[in-house]
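Quick notes on the structure that follows.
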Amino acid sequence: MTTTTTLSRTQLSQHLKRLESESIGILREVVAEFRNPVMLYSIGKDSGVMLHLALKAFYPSKPPFPLLHIDTTWKFRDMIRHRDEVAARYGLKLLVHTNPEGLARGINPITSGSQLHTQVMKTEALKQALDKWGFDAAFGGARRDEEKSRAKERIFSFRSAGHVWDPRNQRPELWSLFNTKISKGETIRVFPLSNWTELDIWQYTRAESIPVVPLYFAAPRPVLERDGQLIMRDDERLPLRPGESLQMRMVRFRSLGCYPLSAAIESTATTLDDIIAEMLATRTSERSGRLIDSDEAASMEKKKRDGYF
Amino acid sequence: MTSGAHTEVTVSPSGAGGPEKALLRFLTCGSVDDGKSTLIGRLLYDTQLVLEDQLTVLERDSRKHGTTGEELDLALLVDGLQAEREQGITIDVAYRYFSTQRRAFIVADTPGHEQYTRNMATGASNCQAAVILIDARKGVLTQTRRHSYICSLLGIKHVVLAVNKIDLVDFSGERFHHIVADYLGFAKALEFSSITPIPLSARYGDNVIRRSEHMRWYEGPTLIEHLESLDVEEEIEEKPFRFPVQWVNRPDLDFRGFSGTVASGRVRPGDRVVVAGSGRESTVSRIVTADGDLAEACAGDAVTLTLADEVDVARGDVLAQADSRPEVVDQFAAQVLWMIEEPMLPGRSYLMRIGTRFVPARITSLKHKTDVNTLEHIAAKTLQLNEIGFCNLGTATPVAFDPYAENRETGAFVLIDRFTHATAGAGMISFGLRRATNIHRQALLVDKTARARLNGHRPAILWFTGLSGSGKSTIANIVERELHALGAHTYMLDGDNVRHGLNRDLGFTDADRVENIRRVGEVARLFVDAGAIVLCSFISPFRAERRMVRELVDAGEFVEVFVDTPIEECKRRDPKGLYARALEGKIKNFTGIDSPYEPPESPEVVLETRDGPEQAARRVLDALREQHIITY
């Protein structure tokens, strides 16, 4: 494993170069064909790569669309800080939306449960935001290798009016001849990173020096052990159950979401090289730390039918 | 919770140095019974890409849905959507990712049943190689032929013949060699550049990643060894430069660039390029990327080009090498795969996407469809879901293309339903029909009208259709004799005579019948142009072909004469003894016996048996007078 951290583009592997070009082609296609696209920016490593690709795709123009963050109000504070820094650095328009009804009803991941919280504060909130600004195409950073039901997701994922995803009514994608035609009320979700794997994401992040949220790197953090998972207490809102106590442990995150729903792993990986080395050795899948996926094997498919990304 | 300290990985993903092979995209074809999902599960499992928590789910699912008893059912690793997991079938294309130290792979996992031909074609469209599974117990089946044909049609050059479940035939070399010989015999016609047969057992892992100890007789590579070393270094970079313009990049008044992905070939600053549609030429001045200008861009690179001159270029245009241009036509022939429930209708307007261009298009004629199981050509009027047909298409404005066989990027298109926006069809262009719009036809000083004036009658095709033995030729002969006596210029094209010369290479399959009539129609049209009344006497059993001939000439120049003699009467007459032989099975595809006859829906003249030939001929002459073809 090489230890250089400042690889320039010409040293990108053939493989990453191909992935990069394919993604750039997809990004351009949407901008050329849709009236009002938006990029879902979830602040994580995949969003970071997607945004980086967008900056490249339209150069010397700026990406001709805003970023949209669906804020559940339960993201790690580090994530919000990173989000605002990134938008400012590139001079991009950042839209933030929180489901006002959910907020009024006091929906939260702790007492409402992960399912209801995700449904109201993420899925519903996303639909509200897309409707509010009238976006007809939305980029998402999902990858096909993340989860089984994602393996069949299209790059251009068709949603009928009301944002409904019907797995039986998706368009075949031949060659790179995407069918971008939709009727009024219909929308498309576009996944430029469909063919990337988690390892590709990290190798590219390293090669291109893409800034990531510090939470991906191991550091001593206050965590509690709950149901066999390590949860970081990012603020006072997470109550300790009887018998639970906070400990400072050397941990990091492979996947970032709402902090009470994102489990940490014990790790000593403090650099991108460490992370990649750890990945090559690891025996657990990335989404195992996502508490919202594990209810049932097909739970992602179900959430997607409801309008989740 | 793992600490990430484990190091039991034996096959690690690429990126760890060593000579790097480019990404390989391959598809697996076979039905669930062949063990396709199990094979992919095996590849993922043996390359250590199945992780602990996924394994836990797999163990649970194996007990719930599995078909392998107590063992892990690896197929469950890959069957993604709920419905298909429960039904035990794979209904969609799923993409899987794995890598070894030598190469990264994307697997398109496609269903094998005939009703999923479109899914398989979708998977194949982006692949460079195919793994075709055969159940060693069953050997080469109809579906093997179908899968191979679709791969070939979609331009896949490298095939692995995975003879699976070899454990169930006692790892028999004899059985394997028998299957391979069988397959090679059939696949000769499909023009693959490589066919690699490998005996394996996906369930137990023999010859997948791990070399089998049970087949000492096999000295070839394991599946993974072969896939790792497969050379797909396509000549796509050596082909002429093509660049479909995707987006015009205009940040300010000083910069005007054309963003897109190089479809084929390579480009450098200073190269002469042409806008294929308009023929305007310019020179590439810069290849712009966010990482700085490039000295060269190759097929697959997403870049932004600037040109030295202010030429009109928009999304949908193709920039091409000036000294090696694509064809620009508005009519071409293509293989079309139909992908929606609603049948394809010739004449209906669809939206065609070719490259970055959207243009209204019609299928002007369907020449034949291909039975994906037997590869036979069958005359047809429409294409149903999953059917493949050879069509002529016309576009509203000319488009630039290269034949699909030469360039997959610029020779492929999709058809979109203009109302539902469903992706209705996928096409691969074979050749242009009306060669280049910039070739102008020679203006003629003497034309059809001038000749008609001199002849004293109008030209026409008299098309006699009906069963063999119906009396077509007899009647046509009398009509010609009468016309000649009246001083008309005539010529007779007779089925038997034409088949001895012009069409002696054609047989009697549906496809050959269509081609037979097409050629006769073209010859008849030339005679019409020459001013003659041409009498054509052909069984011509299909409406579509008769319509095709009708559409070759101007309105009123085609007179369809239906000699409506019932089959019983024809059999009784049987002037050439053909019915007797057909009924004995000695002649195949005989119209009325084992090949259909489609009676005309609105012929100009219908002749019934009771008329007798002389009377029938008079009725034809009367019809010609009514239509002002002859006036005397």
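Proteins come first, then strands; the chains are lettered A, B, ... in the order of their sequence lines, and each starts at number 1.
- In this structure, no portion of B:Ile340 lies under 4.5 Å from any heavy atom of chain A.
- No other option in B:Phe413, B:Phe358, B:Phe255 has as many heavy-atom pairs under 4.5 Å with chain A as B:Phe358.
- Of the atoms belonging to A:Phe178, heavy atoms from both backbone and side chain fall under 4.5 Å from chain B.
- Heavy atoms of B:Tyr95 lying under 4.5 Å from chain A belong to its backbone as well as its side chain.
- Aromatic ring orientation, B:Phe105 versus B:Phe98: parallel (interplanar angle below 30°, classes split at 30° and 60°).
- Listed options B:Gly355, B:Gly257, B:Pro251 were ranked by heavy-atom pairs under 4.5 angstrom with chain A; first place goes to B:Pro251.
- Here the OH atom belonging to B:Tyr404 is positioned 11.0 Å from the CD1 atom belonging to B:Ile429, to the nearest 0.5 angstrom.
- If you tally non-hydrogen atom pairs under 4.5 Å between each of B:Asp252, B:Ile416, B:Ile354, B:Thr261 and chain A, the highest count goes to B:Ile416.
- At a 4.5 Å heavy-atom cutoff, the contact between B:Ala299 and chain A is made by backbone atoms alone.
- Using modelled atom types, no side-chain atom of B:Gln246 and backbone atom of B:Ser259 make a donor-acceptor pair closer than 3.5 Å.
- Within the 4.5 Å cutoff, side-chain heavy atoms of B:Thr304 are placed close to those of A:Arg28.
- A heavy-atom distance below 4.5 Å is not found between the side chains of A:Tyr204 and A:Leu19.
- Taking the ring axis of A:Phe217 as reference, the NZ or CZ atom of A:Arg252 does not stay both within 45° of it and closer than 6.0 Å to the ring centre.
- When A:Asp200, A:Leu177, A:Val251 are compared by the number of non-hydrogen pairs under 4.5 Å with chain B, A:Leu177 comes out ahead.
- Side-chain N or O atoms of A:Gln229 include none that pairs as donor or acceptor with a backbone N or O of A:Arg226 at under 3.5 Å.
- Chain A forms the most heavy-atom pairs under 4.5 Å with one residue out of B:Ala124, B:Gly260, B:Ala121, and that residue is B:Gly260.
- Both the backbone and the side chain of A:Ser183 come within contact range of chain B, with heavy atoms under 4.5 Å apart.
- Heavy atoms of B:Ala422 lying under 4.5 Å from chain A belong exclusively to its backbone.
- In terms of non-hydrogen atom pairs under 4.5 Å with chain B, the most contact-rich of A:Lys62, A:Gln170, A:Glu33, A:Glu173 is A:Glu33.
- For A:Arg154 (side chain) and A:Arg171 (main-chain N/O), a donor-acceptor pair under 3.5 Å exists by modelled atom type.
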Could you give me the CA-CA distance, side-chain angles and deciding distance for A:Arg159 and A:Glu153, then say whether salt bridge (charged side-chain N to carboxylate O under 4.0 Å, His left out) is met?
CA-CA 12 Å; A:Arg159 308 294 158 112; A:Glu153 181 59 285; 3.5 Å; yes
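- Contacts between B:Met428 and chain A at a heavy-atom distance below 4.5 Å involve the side chain alone, from C-beta outward.
- Between A:Arg254 and A:Glu266, none of the side-chain N atoms (NZ, or NE/NH1/NH2) sits under 4.0 Å from a carboxylate O, so this pair counts as no salt bridge.
- Considering only heavy-atom pairs separated by less than 4.5 Å from chain A, the leading option among B:Gly300, B:Ser125, B:Gly292 is B:Ser125.
- For chain B, the nearby part of A:Ser194 is the backbone; its heavy atoms alone come within less than 4.5 Å.
- Side chain of A:Asp145 to backbone of B:Arg96: no donor-acceptor contact under 3.5 angstrom is found.
- Most heavy-atom pairs under 4.5 Å with chain A, from the set B:Thr420, B:Val248, B:Val303: that is B:Val303.
- With a 4.5 Å cut-off on non-hydrogen atoms, B:Arg315 touches chain A through its side chain but not through its backbone.
- Using a 4.5 Å cut-off between heavy atoms, B:Arg357 does not touch chain A at all.
- For a residue to count as touching a neighbouring chain, one of its non-hydrogen atoms must lie under 4.5 Å from one of that chain's; by this rule B:Val414 touches chain A with backbone and side chain alike.
- A donor-acceptor pair under 3.5 Å is absent between the side-chain atoms of A:Arg249 and the main chain of A:Leu224, judged by distance alone.
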